[in-house]
Enquirer: 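Here's a structure for you.
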Amino acid sequence: MAKNSFLLHILLFFVVILSLFYGILSQYELEELTWLDDKDDEISMFHSQHSSMRKCDFTSGKWVFDQSYPLYDSSCPYLSTAVTCTKNGRPDSDYEKWRWKPHGCEIPRFNALEFLGRMRKKRIMLVGDSIMRNQWESLVCLIQSVIPMARKTVTYVGPTMAFHAMDFETTIEFCWAPFLVELKKGPENKRILHLDMIEENAKYWRGADVLVFDSAHWWTHSDKYSSWDLIMEGNSFYRNMNPMVAYEKGLMTWAKWIDLNLDPRKTRVFFRSMSPRHNRENGWKCFNQREPLEFFSHPHVPEPLLVLKEVLRGMSFPVSFQDITTMTALRRDGHPSVYSKFVSQTGKQHLGDYKSDCSHWCLPGVPDTWNEMLNVML
């Protein structure tokens, strides 16, 4: 009985001490809770905005002229010469100032510090062809200005290049894989496209937190500029295969790899739709264009887009589809055209002697909008 009484007194003593301890902490706790309440409001606001963005159809809208753009200038040191159109002598700059306005919502202006804060300690990799390289350069230029010179660098490994934001431990990488599947040299230096082989490319994708893919242009090159000599599937060789049949088979190999090798709890995967070209009239369709089209009288859905959507529908992995095709098709003014290399004053008298690039995009320019959309989707 005495022992039980002693234990009861000990228990009451600790209860008193704990109550005093919590009484002392309550002021500090109150301050912490007030701070958390403020953050909760911000978080609620962010989630509310994010929810409204999810309901927004980014594909339907119009290009509006905005003097507050661009978000960086062509002095960004990470731009390829071929896309610095202003530096190369392009006389107009309005193409830098158009902003995509979806019907019924606004795409938030890109905020570099906010983006880097969310992507802290993450690997972001953009995989595809030279148009994806275009987008990678845009994304790097959107963020690099807020990072001190000594705290950023670019490294190269195999077919990849990586921009490192050291203080955020964030990397933004580009991986060259225009078919996603493997293109190899065979006997007699023949280029062989292997529709069922992908690991030589995919080994670089492992461990990324965010993967953004594109693949279309190299599948649609005409016979004269075909990107392969032979197609191989299993042990069979094909000299002639419908490019869209080959494209579907290649995408199926990619889809299978994603389904089997990635965990949606660890990796976000996006597939960006094809960037339209304005190559009719031997590439001069985009020359001297100064503003976007307002609409299409006869909207056209490219066949690769239909194939891609069908493959994505059959996947078990939740891939986010970023459809930029229709909005981008309105921007025939945004290509380098003859200004993919420096054009002197004398050269401007003979522009017909230059090759016109109506596939890639001047930077700053259209790919910045793709990245603002990607930022929202992330």
Enquirer: Decide whether Ile231 and Val311 are clustered together by the hydrophobic rule: side chain heavy atoms of Ile, Leu, Val, Met, Phe, Trp, Tyr closer than 4.5 Å, transitively.
Expert: yes

Enquirer: For Asp229 and Lys190, indicate whether the former's side chain and the latter's backbone hold a donor-acceptor pair under 3.5 Å.
Expert: no

Enquirer: Side chain of Asp259, backbone of Met315: donor and acceptor closer than 3.5 Å?
Expert: no

Enquirer: Just by distance, no angles: are the side chains of Glu291 and Trp98 close enough, under 3.5 Å, to form a donor-acceptor pair?
Expert: no

Enquirer: Under 4.0 Å between a Lys/Arg side-chain N and an Asp/Glu carboxylate O for Glu114 and Arg109?
Expert: no

Enquirer: I'd like to know whether His217 forms a side chain to side chain contact (heavy atoms under 4.5 Å, CB included) with Ser275, so could you lay out the CA-CA distance, the side-chain angles of the two residues, the decisive distance to 0.1 Å, and finally the verdict.
Expert: CA-CA 8 Å; His217 282 286; Ser275 166; 4.1 Å; yes

Enquirer: Can Phe65 be reached from Tyr95 by stepping across I, L, V, M, F, W or Y side chains whose heavy atoms are under 4.5 Å apart?
Expert: no

Enquirer: Please determine whether residues Met274 and Trp254 belong to a single hydrophobic cluster, defined as Ile, Leu, Val, Met, Phe, Trp and Tyr linked transitively by side-chain heavy-atom distances below 4.5 Å.
Expert: no

Enquirer: Specify the closest pair of heavy atoms between Val301 and Leu306, including all atoms of both residues, with the distance to one decimal.
Expert: CG1-CD2, 3.7 Å

Enquirer: Tell me, please, which residues at least two apart from Phe270 pass ring pair (Phe, Tyr, Trp, His ring centres under 6.0 Å).
Expert: none

Enquirer: What I'd like to find out is whether the side chain of Leu139 reaches to under 4.5 Å of the side chain of Glu137, using heavy atoms alone.
Expert: no

Enquirer: Among residues two or more places apart or on two chains, list those pairs meeting salt bridge (Lys or Arg N to Asp or Glu O under 4.0 Å) that have a residue in residues 366-378.
Expert: none

Enquirer: Less than 4.5 Å apart, side chain to side chain, heavy atoms only: is that true for Met327 and Thr369?
Expert: yes

Enquirer: Please find the pair of heavy atoms, one from Cys141 and one from Tyr78, that lie closest to each other, and give the distance.
Expert: SG-CB, 4.4 Å

Enquirer: How many angstroms lie between CE in Met119 and CG in Asn375, if you round to the nearest 0.5 Å?
Expert: 7.5 Å

Enquirer: Just checking Met252: does its CE atom have more than 12 heavy atoms from other residues, nucleotides or ligands closer to it than 6.0 angstrom?
Expert: no

Enquirer: So, the side chain of Trp205 versus the backbone of Asn201: is there a donor-acceptor pair under 3.5 Å, distance only?
Expert: yes

Enquirer: Looking only at atom types and distance, does a side-chain atom of Asp323 sit under 3.5 Å from a main-chain N or O of Thr325, one as donor and one as acceptor?
Expert: yes

Enquirer: Hey, what do you get for CE (Met132) to CG (Asp214), rounding to the nearest 0.5 Å?
Expert: 4.0 Å

Enquirer: What closest approach, in Å, do Trp63 and Pro292 show between heavy atoms, and which atom pair accounts for it?
Expert: CB-CG, 4.0 Å

Enquirer: For the atom pair CZ (Arg191) and CH2 (Trp228), what is the distance rounded to the nearest 0.5 Å?
Expert: 9.5 Å

Enquirer: Does Leu79 share a hydrophobic cluster with Val154, counting links as ILVMFWY side-chain heavy atoms below 4.5 Å and allowing steps through other members?
Expert: yes

Enquirer: List in chain and number order the residues that pass ring pair (Phe, Tyr, Trp, His ring centres under 6.0 Å) with Trp218, two or more places apart in sequence or in another chain; answer none if no residue qualifies.
Expert: Trp176, Phe179, His221

Enquirer: Please examine the side chains of Phe115 and Leu142, heavy atoms only from C-beta on, and report whether any two atoms are closer than 4.5 Å.
Expert: no

Enquirer: Consider side chain to side chain contact (heavy atoms under 4.5 Å, CB included). Of Leu262, Val210, Val212, which one does Val269 pass it with?
Expert: Leu262

Enquirer: Which pair of non-hydrogen atoms, one from Cys358 and one from His335, has the smallest distance, and what is that distance?
Expert: O-CE1, 3.0 Å

Enquirer: Is the NZ atom of Lys256 crowded by more than 12 outside heavy atoms at less than 6.0 Å?
Expert: no

Enquirer: Kindly say whether Phe163 contributes a backbone atom to a donor-acceptor pair with the side chain of Thr171 at under 3.5 angstrom?
Expert: no

Enquirer: The test is side chain to side chain contact (heavy atoms under 4.5 Å, CB included); show your working for Glu199 and Trp257 and say whether it passes.
Expert: CA-CA 9 Å; Glu199 187 57 39; Trp257 188 91; 3.2 Å; yes

Enquirer: Going by heavy atoms in the side chains, are Trp136 and Pro367 under 4.5 Å from each other?
Expert: no

Enquirer: I'd like to check His360 versus Arg133 (side-chain heavy atoms, cut-off strictly below 4.5 Å). Are they in contact?
Expert: no

Enquirer: Per the salt bridge (Lys or Arg N to Asp or Glu O under 4.0 Å) rule, which among Arg151, Lys121, Lys152 passes with Asp167?
Expert: Arg151

Enquirer: Can a donor-acceptor pair be found, under 3.5 Å and without considering hydrogens, that links the side chain of Ser273 to the backbone of Ile324?
Expert: yes

Enquirer: As an exercise, state the distance from SG of Cys56 to CD1 of Ile107, rounded to the nearest 0.5 Å.
Expert: 7.0 Å

Enquirer: Hey, does the Lys NZ or Arg CZ of Arg272 hover above the aromatic six-ring of Trp370, less than 6.0 Å from the centre and inside 45° of the axis?
Expert: yes

Enquirer: Over all heavy atoms of both residues, which pair between Phe287 and Ser356 is shortest? Give the atoms and the distance, please.
Expert: CB-OG, 4.5 Å

Enquirer: Take a 6.0 Å sphere around CG of Asp263 and say whether it holds more than 12 heavy atoms from other residues, nucleotides or ligands.
Expert: yes

Enquirer: Taking only residues two or more places apart in sequence or in another chain, which ones pass disulfide (SG to SG under 2.5 Å) with Cys175?
Expert: none

Enquirer: Can you check whether Leu374 reaches Gln135 side chain to side chain, under 4.5 Å on heavy atoms?
Expert: yes

Enquirer: OG1/Thr328 to CH2/Trp100 distance, rounded to the nearest 0.5 angstrom?
Expert: 8.5 Å

Enquirer: When Ile, Leu, Val, Met, Phe, Trp and Tyr are grouped by side-chain heavy atoms lying under 4.5 Å apart, directly or through other members, which residues fall in the same group as Val64?
Expert: none

Enquirer: Within a radius of less than 6.0 Å around CZ of Arg290, do more than 12 heavy atoms belonging to other residues, nucleotides or ligands occur?
Expert: yes

Enquirer: Asp57 and Pro102: which non-hydrogen atoms are nearest, and at how many Å?
Expert: O-CB, 3.9 Å

Enquirer: Answer yes or no: is there a donor N or O on one side and an acceptor on the other, between the side chain of Ser344 and the main chain of Gly347, under 3.5 Å?
Expert: yes

Enquirer: If you group Ile, Leu, Val, Met, Phe, Trp and Tyr by side-chain heavy-atom gaps below 4.5 Å, do Leu180 and Leu260 land in one group?
Expert: no

Enquirer: For a 4.5 angstrom cut-off between non-hydrogen side-chain atoms, does Phe174 reach Met125?
Expert: no

Enquirer: Hey, what do you get for NZ (Lys87) to OG (Ser74), rounding to the nearest 0.5 Å?
Expert: 5.5 Å

Enquirer: Give the C-alpha distance, both sets of side-chain angles, the deciding distance and a yes or no for salt bridge (charged side-chain N to carboxylate O under 4.0 Å, His left out) between Asp92 and Arg90.
Expert: CA-CA 6 Å; Asp92 62 306; Arg90 180 167 173 167; 2.8 Å; yes

Enquirer: Is it the case that the side chain of Gln322 and the backbone of Met373 share a donor-acceptor pair, with hydrogens and angles ignored and the cut-off at 3.5 Å?
Expert: no

Enquirer: Per the salt bridge (Lys or Arg N to Asp or Glu O under 4.0 Å) rule, which among Lys97, Arg99, Lys101 passes with Asp66?
Expert: Arg99

Enquirer: Show which residues join Leu230 in its hydrophobic cluster (side-chain heavy-atom contacts under 4.5 Å, direct or indirect), or state none.
Expert: Ile192, Met232, Phe237

Enquirer: Is the closest side-chain heavy-atom distance between Lys249 and Thr253 below 4.5 Å?
Expert: no

Enquirer: Within the supplied structure, the quantity of interest is the number of heavy atoms (other residues, nucleotides, ligands) at a distance under 6.0 Å from Glu294 CD; does it exceed 12?
Expert: no

Enquirer: Can a donor-acceptor pair be found, under 3.5 Å and without considering hydrogens, that links the side chain of Glu182 to the backbone of Ile198?
Expert: yes

Enquirer: Can you list the steps and then say if Asn371 with Ser138 is a side-chain hydrogen bond (donor to acceptor under 3.5 Å, both in side chains)?
Expert: CA-CA 8 Å; Asn371 283 322; Ser138 161; 2.9 Å; yes

Enquirer: Should the pair Arg123-Asp209 be classified as a salt bridge under the 4.0 Å nitrogen-to-oxygen rule?
Expert: no

